[in-house]
A.B. asks: 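Quick one: structure below, then a few questions.
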Amino acid sequence: MSTVGKQGTPSRRARTHRISEWLDRQSSTLFITPAVVLILVFSLFPLVASLIIAFSRFRLRAGSYQVRWVGFKNFEKQFFGSEQFHFLGTFKGMSVLGWVVATVAGVLILYWLYRYCRQKFWWLGFIGRIISALMAFGLVLLFSATLLSGHQFGTLGVTLFYVFVGCSLQFAIGLGLALLCAQPIRGRTFFRVVFFLPLMITPIGIGYAFRMLADTTKGPFSPAWQWVGLGDFAWSTDPWAARLFIVIGDSWQWIPFVFIILLAALENIPKDHREAAEVDGASGWQIFREITWPQLLPVAATVMLIRLIEAFKLVDLPNIMTAGGPGIATESMSLHSYFAWRSLDLGQSAAIAYLLLITTVVICVSFFNYVVLGRLRQGNA
Amino acid sequence: MTAVRKKISRRRTPLQWLFEAPSIGKMAPGTAVFVYGLLLFWTLVVLFPLYWVLITSFKTALDVNNGPVFLPWVDFTPSLHAWRELLVIDYEDTLRSYINSIVIATLSTALCVAVGSMAAYALARITYKPKFGNILLFVLAMLGGCYVVWKAGVDWKIAMTAAFAIWFFLLKSVGRFFKKSVGNGDILFWMISQRILPPIVTVVPIYMMFQNLKMLDTHLALILTYTVVNLPIVVWLLYDFISGIPIELEESAQLDGASRFRTFWEIVLPLAKPGLAATTLLVLILAWNEYILAVFLSTSNAQTIPILVAAMNAGERGILWWSMCVVIIIMIIPVVFMAILLQRFISKGVLLGAVKG
Amino acid sequence: MQNPTSEQSAQRLTLHALNKSFGLVHVVKDLSLDIHPGEFLVLLGPSGCGKTTALRMIAGLETVDSGTITLGDEDITHSLPKYRDIAMVFQSYALYPHKTVFENMGFPLKVSGYSPDEVKEAVHETAAQVHMTDYLERYPRELSGGQRQRVALGRAMIRRPSAFLMDEPLSNLDAKLRGHMRAELKRMQHDLGTTTVYVTHDQIEAMTLAHRVAIMNHGVLQQLGTPAEVYDEPANLFVAGFMGSPPMNFVKGAVDNNRFTATGLALPVTQYTGGSEAILGFRPEDAEVVAADAGLFNAHVFTSEQTGEYTLVTLELNDDTVTIKMPREFNATIRDTVGVRFPVNKGFLFDATTGDRNTGQLS
Ligand SMILES: Nc1ncnc2c1ncn2[C@@H]1O[C@H](COP(=O)(O)OP(=O)(O)OP(=O)(O)O)[C@@H](O)[C@H]1O
Ligand SMILES: [Mg+2]
């Protein structure tokens, strides 16, 4: 381009030519380097540093800090030591129901592995499935030993509760709203904009707003509470009510995200597929099940993957709405780690953060491999 | 096979009349009641909390503490005291946080979208084949650097420079003997997977890093951090979008003599506009509302507005609900404005081409 | 037309005074058609004339502003598509991308509650008819254009509907395949004996497939008749110009005193009743180039083209150009003056102001 320019002496033109040519030759590097460097510095370095901290005892000294290698102590504490009740939950023997569920789950998981081995064996796939299976079995065991045996569960269980219950709720309602908005309705733009609103509000604001709403004595619904005789019931004192309350707040914020993407996906399905089915005599429900839903699935799986990833990070809402209370009933792992940091126990904080990371990675990668990839393949079909 | 003809009954049963569309593109009365009922219900679910926040901002402490009042001028007399306190009396603090938030959110979004769209374009169109061995060497060199800093107490700048130099030397000498290389897909997966990192994992080292650089509580620290945190989203969404642009357009531009930068700037970016708009909006919202990183990395100078919200809970007077609501409202306004501005693009751009995989 | 193999008596499809507007655009105007049981009716017209819209109204995919549609003895104007018992082949085929050929073809039966065994049997039977038996497990994207088209056809056939609607089903195929599929379609419709409305803008398709052709322009029905009728007896200038390739030649002139006159020619006319401004039309294949002064009128040779099959001679006559089809060995020298001759009963007279065909004849 610069060579075509009429202005400039020949030598200068040649020079700019050389520079621009050099730049062009390097463009493949220049395009990607900023992103790579930023991620390396801000993600990879902290990841490594955090790993080191997780294996150390970390003390802040005036103006400086001191790090001492303690091996797996920090992790040990979470699984077997003094923090076990906090991270995993309270174990006091397993109930019959717990044993039954754990055994059934174990058998199912083994069968799943066995089936994989029968089909097509690929060692990397096998290792991946072993890891997923171990994680799944561990979680089932945890679930049976705490919740099913009538004991409290710890931050791991709470996090999973937020993730799975929250994501399911968001998906169900988001999909429902998208389907409603895809009907031949008036004022579609209005509903679309209104339904999008909660996504734009800071989680902090949502936390406090929901605290106001949920107040049974001064909140807007207090007359109703009084009327059904729950006037002195407080959401934040009952573990399950408090957890539910946080899930509702989180869902209120994130349903718009699921909604807007699913609506776009719905509108993107070619109109003539619907019409062909219509002419072929399919009923509304049949059209949904046979035409719309299969074509929606790839997008739905991707959206849920994004939501899954974000849901594991939930920290603002429990912090504000209940401060983790009552007791530790609503503490997510992120919040657990945050509290540990606030009490300057950086080693613990990093260890918990790492455990969260491992859980997230295994579950998200499993979801991606077994669900999203499958759906994408089907969608391409 | 025998054909069975569905009988068309001109008389529809009451149930059909209620729930079956009279003709295509119309809704039966029952369905309409159901659909609009649910839509209105959800509108209420969305708007009521916002309404409550809005009226609370006009309430006095007395109105809030003496049980619920719902309608201004009917139940209670709206008062501007909270607004006055935040916007007139204490305006400096509010204004500073507000400007901080605007600066940090917009700059980090701009940076993020710029860097992210370049990376997304590069991954979609240029083939990369970094050698696996070189990457391994790099990680080892960096780990070595960290170890030296930690054990021997060497200044980290020297150690990192040295580690980088050693890696560079190795790259040029033994680098070409490596055979196995990773592809674009792997790089993309690596970048996107960064989003899985919970901020809580990385924030402590980042905190220490900025402390070391004397950059704690500066705008730049937050801008950079937000940029990186949101980068995977931008790459993810735009990669799919850019892959969907017909490559012939770029090829013809290159035949016409345009450089890669020019192709990117004049062909790709304009075509990716819907995707860019949707991504920008999403990233902007995330940066604007972010709280936990801001808590770690800023105290007063770079304090953003979500922190101001939380600050309304810090005094000895308990939670100042009315002031908090004022802050929440002034926080929502610009984003809503942006959303309405960009709303045309959202439904087109939001689909992330996820179908293609 | 009526054939013994069909198990079900074919249905009559009647459109009466159909109207449709999109906003201010009046797309279909007072369209009335009476389609006989088992008839293959082709709806022909230029792009954008409202053919697809008419077809979609019959299918129930578009609401009707006014008018009625009856199928058999039932008024289906306002019933839902699924109750109409009509099958449609879409221009884009609209095959479900996530379903195999088998599932695509079986879909209409599956949704009307047939058992899997029945569906399987019917799909195999239909697949054999459309020669797709070997591809049942494939997905649509793994098929060629012609195969997709056959799947779409099979999906429409499998239900043995009361009527078929087809929207330019052959337009995505290459010329050779199109010819082949045309023949197959005709045979299939003959065997099934199902009332069919077929939309196209390709007049060859129309001529070869149709029992009757309905020609539309700007949403208005221009003429309805057998292919021979619309070709030999065009109702107006539009139909005359639309049918035939190359199209009919037109010479502008005037009629008075029982003579058609234009610069350089004057021909006797009988029974002409229209306005004085008139247009003379004749088909390229009906005329021949002869020596100067030996024909009805003289003209200059503009160019002559060899097509392999025949020679196309273009002549200049005042402002008009006239094309004539001659045998392939014919040779014309550019700028020569030649004569043009055609049988007087093959000349058509049109009223230039209304565009309608006039009963007038050359004599
Ligand atoms: N949904 C719609 N909204 C507005 N205008 C429409 C719509 N559908 C069709 N039209 C207009 O109606 C006219 C007729 O369209 P139609 O699709 O029936 O044409 P067609 O005869 O099938 O043309 P083609 O041969 O190109 O398929 C066109 O001018 C078109 O622009
Ligand atoms: Mg059409």
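By convention in this document, chain letters (A, B, ...) are assigned in the order of the sequence lines, proteins followed by strands, and residues within each chain are numbered from 1. These values consider heavy atoms only, across backbone and side chains, with no hydrogens, waters or symmetry-generated copies.
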A.B. asks: For the interface with chain B, which of Ile309(A), Ile255(A), Leu179(A), Ile204(A) has the highest count of heavy-atom pairs at distances below 4.5 Å?
C.D. replies: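 Heavy-atom pair counts peak at Ile204(A).
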A.B. asks: Given the rule in the side-chain contact (heavy atoms from CB on, under 4.5 Å) test, do Met27(B) and Ile185(A) qualify, once you have shown the distances and angles that lead to the verdict?
C.D. replies: CA-CA 8 Å; Met27(B) 280 192 290; Ile185(A) 53 166; 3.8 Å; yes
A.B. asks: Could you check whether any side-chain N or O of Tyr208(A) sits under 3.5 Å from a backbone N or O of Cys325(B), counting only pairs where one atom can act as donor and the other as acceptor?
C.D. replies: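 Checking the backbone N and O of Cys325(B) against the side chain of Tyr208(A), no donor-acceptor pair under 3.5 Å is found.
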A.B. asks: Report which part of Leu305(A) has an atom under 4.5 Å of a heavy atom belonging to chain B: side chain, backbone, both, or neither.
C.D. replies: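 For Leu305(A), side-chain heavy atoms alone lie under 4.5 Å from chain B.
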A.B. asks: How many angstroms lie between atom CD1 of Ile32(A) and atom CE of Met191(B), to the nearest 0.5 angstrom?
C.D. replies: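 It is 4.5 Å, given to the nearest 0.5 Å.
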A.B. asks: For Thr31(B), which atoms come within 4.5 Å of any heavy atom of chain A: side chain, backbone, both, or neither?
C.D. replies: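 Contact with chain A is absent: no heavy atom of Thr31(B) under 4.5 Å.
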A.B. asks: Do the non-hydrogen side-chain atoms of Met142(B) and Leu40(A) ever get within less than 4.5 Å of each other?
C.D. replies: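 Contact flag for Met142(B)/Leu40(A) side chains = no.
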A.B. asks: At a 4.5 Å cut-off on heavy atoms, which part of Leu231(B) comes close to chain A: side chain, backbone, both, or neither?
C.D. replies: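 Answer is side chain: those atoms of Leu231(B) sit under 4.5 Å from chain A.
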A.B. asks: So which residue, Val46(B), Val327(B), Ile187(B), ends up with the most heavy-atom pairs under 4.5 Å with chain A?
C.D. replies: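 Of Val46(B), Val327(B), Ile187(B), Val46(B) has the most heavy-atom pairs under 4.5 Å with chain A.
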A.B. asks: Check whether Trp42(B) gets within reach of chain A through its side chain, its backbone, both or neither, counting any heavy atom under 4.5 Å.
C.D. replies: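 Both backbone and side chain.
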A.B. asks: Closest approach of Pro199(B) and Lys313(A), non-hydrogen atoms and distance?
C.D. replies: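 In terms of heavy atoms, the two residues are closest at CD-CD, 3.7 Å.
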A.B. asks: If you measure from OG1 on Thr302(A) to CG on Asp240(B), what distance do you get to the nearest 0.5 Å?
C.D. replies: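 Thr302(A) atom OG1 to Asp240(B) atom CG measures 8.5 Å (nearest 0.5 Å).
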A.B. asks: Less than 4.5 Å to any heavy atom of chain A: does that hold for the side chain of Val45(B), its backbone, both, or neither?
C.D. replies: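 For Val45(B), heavy atoms of backbone and side chain both lie under 4.5 Å from chain A.
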A.B. asks: Can you say whether Asn319(A) sits under 4.5 Å from chain B via the side chain, the backbone, both, or neither, judging by heavy atoms?
C.D. replies: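 The answer is the side chain of Asn319(A).
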A.B. asks: Between Phe210(A), Phe191(A), Phe45(A), Phe42(A), which residue shows the highest count of heavy-atom pairs closer than 4.5 Å to chain B?
C.D. replies: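 With the most close heavy-atom pairs to chain B, the winner is Phe42(A).
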A.B. asks: Taking side chain as everything from C-beta outward and backbone as N, CA, C, O, which of these in Ile52(A) sits under 4.5 Å from a heavy atom of chain B? Side chain, backbone, both or neither.
C.D. replies: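 Side chain only.
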A.B. asks: Select one option (side chain, backbone, both, neither) describing which atoms of Leu284(B) are under 4.5 Å from chain A's heavy atoms.
C.D. replies: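 Neither part.
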A.B. asks: So which of Ser28(A), Ala209(A), Pro34(A) has the largest heavy-atom pair count under 4.5 angstrom toward chain B?
C.D. replies: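 Among the listed options, the one with the most contacts to chain B is Ser28(A).
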A.B. asks: Which bit of Val228(B) is near chain A, if near means a heavy-atom gap under 4.5 Å: side chain, backbone, both or neither?
C.D. replies: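 Side chain only.
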A.B. asks: Please look at Glu275(A) and chain B and tell me whether the side chain, the backbone, both or neither of the residue comes under 4.5 angstrom of a heavy atom of that chain.
C.D. replies: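 Interface part for Glu275(A): neither.
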A.B. asks: Measure Leu51(A) against the heavy atoms of chain B and call it side chain, backbone, both or neither at under 4.5 Å.
C.D. replies: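 Contact with chain B involves no heavy atom of Leu51(A) at all.
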A.B. asks: In terms of heavy-atom proximity below 4.5 Å to chain A, should Ile200(B) be classed as side chain, backbone, both, or neither?
C.D. replies: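 Interface part for Ile200(B): both.
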A.B. asks: Tell me, do Val41(A) and Leu224(B) make a side-chain contact under 4.5 Å, heavy atoms counted?
C.D. replies: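 They are not in contact (no side-chain heavy atoms under 4.5 Å apart), so the answer is no.
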A.B. asks: Measuring from Tyr291(B):OH to Asp316(A):CG, what's the distance to the nearest 0.5 Å?
C.D. replies: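 These two atoms lie 7.5 Å from each other.
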A.B. asks: With the side chain counted from C-beta on, respond yes when Tyr338(A) and Val203(B) share a heavy-atom pair under 4.5 Å apart, and no when they do not.
C.D. replies: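 Heavy-atom side-chain distance check fails, nothing below 4.5 Å.
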A.B. asks: Between Leu286(B) and chain A, with a heavy-atom cut-off of 4.5 Å, which part of the residue counts as in contact: side chain, backbone, both or neither?
C.D. replies: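 For Leu286(B), the contact with chain A is made by the side chain alone.
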A.B. asks: Side chain, backbone, both or neither: which part of Phe210(B) has an atom under 4.5 Å from a heavy atom of chain A?
C.D. replies: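 Only the side chain of Phe210(B) comes within 4.5 Å of chain A.
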A.B. asks: Heavy-atom pairs under 4.5 Å with chain B are the metric here; pick the option from Val36(A), Thr29(A), Ile53(A) that has the most.
C.D. replies: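 Of Val36(A), Thr29(A), Ile53(A), Val36(A) has the most heavy-atom pairs under 4.5 Å with chain B.
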A.B. asks: Side chains of Ile285(B) and Phe257(A): does their closest heavy-atom pair fall under 4.5 Å?
C.D. replies: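 No. Closest side-chain heavy atoms not under 4.5 Å.
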A.B. asks: Is any side-chain heavy atom of Leu39(B) less than 4.5 Å from a side-chain heavy atom of Phe190(A)?
C.D. replies: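 The answer is no, as the side chains (C-beta and beyond) never meet within the 4.5 Å cut-off.
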A.B. asks: Are the side chains of Pro203(A) and Asn289(B) in contact, using a 4.5 Å heavy-atom criterion?
C.D. replies: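 The answer is yes; the side chains approach within 4.5 Å.
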A.B. asks: Name the region of Leu47(B), side chain, backbone, both or neither, that has any atom closer than 4.5 Å to a heavy atom of chain A.
C.D. replies: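 Only the side chain of Leu47(B) comes within 4.5 Å of chain A.
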A.B. asks: Less than 4.5 Å to any heavy atom of chain B: does that hold for the side chain of Phe312(A), its backbone, both, or neither?
C.D. replies: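 Neither part.
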A.B. asks: Does any heavy atom of chain B fall under 4.5 Å from the side chain of Ile201(A), the backbone, both, or neither of them?
C.D. replies: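 Ile201(A) touches chain B through backbone and side-chain heavy atoms alike.
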A.B. asks: Would you check if the side chain of Thr360(A) reaches a backbone N or O of Ile196(B) as a donor-acceptor pair within less than 3.5 Å?
C.D. replies: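 Answer holds: no.
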A.B. asks: Measure up the Phe368(A) and Phe189(B) rings against each other and bin them: parallel (under 30°), tilted (30 to 60°), perpendicular (over 60°).
C.D. replies: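 The rings of Phe368(A) and Phe189(B) sit tilted, inter-plane angle from 30° to 60°.
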A.B. asks: Thr56(B) versus chain A, heavy atoms under 4.5 Å apart: side chain, backbone, both or neither?
C.D. replies: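 For Thr56(B), the side chain is the part near chain A, not the backbone.
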A.B. asks: Where on Val204(B) is there a heavy atom nearer than 4.5 Å to chain A: the side chain, the backbone, both, or neither?
C.D. replies: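 Only the side chain of Val204(B) comes within 4.5 Å of chain A.
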A.B. asks: Less than 6.0 Å separating the ring centroids of Phe48(B) and Phe221(A)?
C.D. replies: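 Yes, the ring of Phe48(B) comes within the 6.0 Å limit of the ring of Phe221(A), centre to centre.
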A.B. asks: With only heavy atoms counted, which part of Leu30(A) is less than 4.5 Å from chain B, the side chain, the backbone, both or neither?
C.D. replies: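 Looking at Leu30(A), backbone and side chain both touch chain B.
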A.B. asks: Could you look at Phe261(B) and say if it's the side chain, the backbone, both or neither that has a heavy atom under 4.5 Å from chain A?
C.D. replies: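 Contact with chain A: backbone and side chain both.
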A.B. asks: Non-hydrogen atoms of chain B under 4.5 Å away: do they reach the side chain of Val193(A), the backbone, both or neither?
C.D. replies: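 Contact with chain B: side chain only.
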A.B. asks: Looking at Val234(B), Val229(B), Ile307(B), Ile206(B), which makes the most heavy-atom pairs under 4.5 Å with chain A?
C.D. replies: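 Going by pairs under 4.5 Å, I would pick Ile206(B).
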A.B. asks: Roughly how far apart are Leu38(B) CG and Gln183(A) CD, rounded to 0.5 Å?
C.D. replies: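 Here the rounded value is 11.0 Å.
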A.B. asks: Would you call the rings of Trp341(A) and Phe296(B) parallel, tilted or perpendicular, where under 30° means parallel and over 60° means perpendicular?
C.D. replies: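 Ring orientation of Trp341(A) relative to Phe296(B): tilted.
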A.B. asks: Check whether Leu197(A) gets within reach of chain B through its side chain, its backbone, both or neither, counting any heavy atom under 4.5 Å.
C.D. replies: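 It is the side chain, since no backbone atom gets that close.
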A.B. asks: Taking side chain as everything from C-beta outward and backbone as N, CA, C, O, which of these in Thr33(A) sits under 4.5 Å from a heavy atom of chain B? Side chain, backbone, both or neither.
C.D. replies: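 Neither; nothing under 4.5 Å.
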